Amino acid sequence: MTPPISVTGLTRRYRGHLALDNVTFDAQDGVITGLLGRNGAGKTTLMKIITGQEFASAGDVRVFGTNPVENDAVLRRMVFVREDQIYPDFKVGHLLRTASRFYPDWSDELADTLLADFDLPAGRPVKKLSRGMRSAVGIIIGLAARAELTLFDEPYAGLDAVARQVFYDRLLADYAAYPRTVLLSTHLIDETAGLLERVLVMDKGHVVLDAMADDLRGVATRVSGPALAVDEFTAGHPVWDSRRMGSQASVVVVGHLAEPDRAPAMAGRLTLEPLSLQELVVHAAGRPGPDAQMMRTSA
Amino acid sequence: MNTLINVARYHLAKRVDYLVLPWVWLAFAFTVDLVIFAMIPVGHHSVLTAHGIVQVQNTSPRDAGGLGAIVAIYFVLGIMSVAKSLPFALALGVSRRSYYAGTAVLAVTLAVGYGLVITALQAIERATNGWGVETHIFRVPYILDGPWYQTWLTMSVALTLLFAYGMWFGIIYRRWSLIGSIAFSAAQVTVLVTAALLITWSHSWRNTGHFFTALSAVGLTGILAALGAALLAGGYATVRRIAV
């Protein structure tokens with residue numbers, strides 16, 4: 001079966017700047033994939049090229065098996081919700097009605113439910129909405145369209161935590177009832193970790209990690225405790241990161257730890273914590289962020 | 001085809017802009033013209049001079065400019081149809097080609113409808129001797145002064161031309177903002193100046209003048225149609241290449 005998105009050797013060059021450098025990946029059908037990475041990693045550019053809004057400098061992009069550029073048959077099966085979407089001067093209701101006409105599977109019912117969830121006034125002009133409300137409009141369109149391929153690029157700028165949770169819940173519920181392929185770029189990795197079935201981490205125009213979320217669970221472990229015991233325990237394991245504070249140490253080891261491996265840890269009063277998706281991404285993206293710098297020496 | 005209709009309906013969500021505003025604006029210009037021409041007397045009138053009362057022949061033309069209002073607003077609609085509305089259509093999975101074609105279909109359809117209304121207004125103007133004040137608001141000497149079907153055709157073509165011109169401007173503005181629009185205007189002026197220079201150097205002003213004086217109103221409409229088609233093609237070639 002052809003994957004909904006197939007990208008091979010994709011490069012996008014701007015004047016003096018390489019936004020995408022030889023990117024290759026396939027999206028799986030009916031899976032929610034998280035597109036993670038720092039600002040400027042190339043996530044938005046990648047999504048714009050997939051939806052035919054931007055053009056590739058080199059390489060090949062296939063959506064549903066063919067080139068999406070100016071291809072109505074392919075484009076109409078997609079919806080792309082962008083953080084910086086420019087909307088016409090419509091009222092919210094008009095905007096939703098317009099969007100509904102372009103999608104055969106559009107659900108008015110879902111759109112109305114979401115309008116109520118987000119407390120959005122249908123009669124208000126879009127340009128009078130706050131940033132968070134404008135994000136909510138994009139989310140409603142992205143979900144209610146029920147497009148086979150749904151792309152969200154940082155869709156919740158300005159949305160409060162409650163509204164974000166509404167988005168996650170509704171996305172999961174509607175996705176379960178009407179399966180589709182979702183590509184979601186986000187900075188809020190911890191929040192979305194439970195949602196993502198697959199992660200694609202980008203850094204400086206490269207894909208640096210492409211894995212199923214389940215496979216990443218326990219792929220790296222933080223071992224903390226008395227430095228001597230930690231050193232003894234971690235000897236022979238590949239180490240990602242090592243920090244010391246007085247007599248305490250915290251070391252990240254890579255590789256799954258089987259039960260027998262764990263036994264000495266109990267004796268040495270060591271704490272073993274699987275690395276969270278966010279920490280993994282921080283490591284994969286190459287530059288430790290504030291989270292990784294925080295030393296946790298809890299006993 | 002369905003997509004084209006959806007694009008047209010997308011624009012018509014702002015029906016006040018497309019269906020009401022142009023006529024309100026035209027009605028205003030019409031009223032202003034009527035007031036002005038009611039003040040300017042027709043034919044002979046008496047003026048008191050040092051030599052006593054003399055009869056003066058009033059020779060000022062009776063052509064008003066109110067029709068320009070609707071032409072101008074159609075140009076602005078062309079700009080807005082792209083500058084404001086293109087990015088959202090692309091987000092909804094509409095190709096640039098479909099967007100452009102759907103917008104053009106709407107523009108032509110409206111132009112034909114508008115043209116028909118203008119034609120009717122011109123007929124009323126003729127029947128009422130220039131709205132009672134002998135003015136020509138919907139008649140323009142030479143180009144818009146023929147039989148009704150010719151007025152209809154010329155008006156439709158002229159409005160489409162202006163919309164296409166506006167669309168191209170809108171596309172340039174969408175992608176390259178103000179600097180692009182200025183460069184685009186400069187390029188047009190350059191083309192015109194180059195043409196003038198070429199005509200001068202080849203000593204063809206006489207022929208050029210002759211060409212235009214010999215041209216019938218229908219012939220001029222044909223030239224406008226060709227120009228409109230060129231503008232549509234130019235806008236299409238541009239929109240296919242831009243990322244928004």
Side-chain angles (χ1 to χ4, degrees), chain A residues 12 14 19 44-45 47-56 63 67-91 93-104 106 125-127 137-138 141-142 145 147-153 155, chain B residues 1-21 76-103 105-106 167 170-171 173-177 179 235-244:
Chain A
R12 172 61 197 178
Y14 293 105
T44 300
T45 306
M47 294 177 118
K48 281 165 86 173
I49 293 177
I50 289 168
T51 52
Q53 295 200 10
E54 214 6 300
F55 307 100
V63 178
N67 184 0
V69 173
E70 288 296 274
N71 188 339
D72 275 300
V74 167
L75 293 175
R76 70 165 64 103
R77 296 162 71 183
M78 290 193 253
V79 65
F80 182 22
V81 176
R82 270 165 77 172
E83 174 197 16
D84 58 349
Q85 181 63 51
I86 299 162
Y87 291 108
D89 297 339
F90 283 14
K91 288 176 179 164
H94 278 150
L95 204 66
L96 296 181
R97 208 168 319 136
T98 296
S100 74
R101 292 201 196 101
F102 289 96
Y103 294 101
W106 176 276
V126 174
K127 64 176 170 186
V137 170
I141 290 169
E148 284 171 73
L149 179 54
T150 303
L151 296 99
F152 286 108
D153 184 16
Chain B
M1 195 60 213
N2 206 15
T3 308
L4 300 197
I5 291 169
N6 281 336
V7 169
R9 290 180 73 185
Y10 167 40
H11 290 302
L12 287 177
K14 298 215 66 132
R15 58 180 58 98
V16 171
D17 287 9
Y18 282 89
L19 302 175
V20 180
L21 222 53
V76 175
L77 283 179
I79 295 177
M80 293 201 319
S81 71
V82 182
K84 290 267 186 187
S85 310
L86 175 63
F88 184 55
L90 294 187
L92 298 178
V94 179
S95 69
R96 293 169 178 78
R97 181 182 355 92
S98 294
Y99 184 80
Y100 197 79
T103 309
V105 164
L106 174 71
M167 271 208 283
I171 293 164
Y173 181 79
R174 177 76 267 147
R175 176 62 185 82
W176 293 282
S177 304
I179 290 188
Y236 182 58
T238 311
V239 80
R240 287 295 294 264
R241 284 167 179 74
I242 63 162
V244 294

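Predicted model, so just to flag it, every value in this text is computed and none were measured. Chain naming here is simple, since letters A, B, ... match the order of the sequence lines and numbering starts at 1 in each.
Taking CG of B/L4 as the reference point, atom CG of A/D72 lies at 8.5 Å (rounded to 0.5 Å). Annotation: the span from B/R9 atom CZ to A/R97 atom CZ amounts to 9.5 Å, rounded to 0.5 Å. The structure places CG of A/L75 at 11.5 Å from CG of B/L92, a figure rounded to the nearest 0.5 Å.
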Carefully, step by step, assess A/V126 and B/F88 under the rule side-chain contact (heavy atoms from CB on, under 4.5 Å). CA-CA 12 Å; A/V126 174; B/F88 184 55; over 6 Å; no
Might you work through the side-chain contact (heavy atoms from CB on, under 4.5 Å) test for A/F102 and B/V7, ending with a clear yes or no? CA-CA 9 Å; A/F102 289 96; B/V7 169; 4.3 Å; yes
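At distances below 3.5 Å, at least one donor-acceptor pair connects side-chain atoms of A/E70 with backbone N or O atoms of B/R97. No donor-acceptor distance shorter than 3.5 angstrom exists from the side chain of B/K84 to the backbone of A/D89, with no hydrogens or angles considered. Looking only at distances, no side-chain donor or acceptor of A/R82 sits under 3.5 Å from a matching main-chain atom of B/A91. A donor-acceptor contact shorter than 3.5 Å links the side chain of B/R96 to the backbone of A/Q53.
Contacts of B/L86 with chain A are absent, with no heavy-atom separation under 4.5 Å from either backbone or side chain. Heavy-atom distances place no part of A/K91 under 4.5 Å from chain B, backbone and side chain included. With a 4.5 angstrom heavy-atom cutoff, B/R240 touches chain A via backbone and side-chain atoms both. Contact annotation for A/Q85: only side-chain heavy atoms (C-beta onward) come within less than 4.5 Å of a heavy atom of chain B. If you measure heavy-atom distances from A/L95 to chain B, the contacts under 4.5 Å come from both the backbone and the side chain. When heavy atoms are compared at a cutoff of 4.5 Å, A/F55 approaches chain B solely by way of its side chain, counted from C-beta outward. Both the backbone and the side chain of A/R101 come within less than 4.5 Å of a heavy atom of chain B.
Residues B/G93 and A/Y103 come closest through the heavy atom pair N-OH, 3.8 Å.
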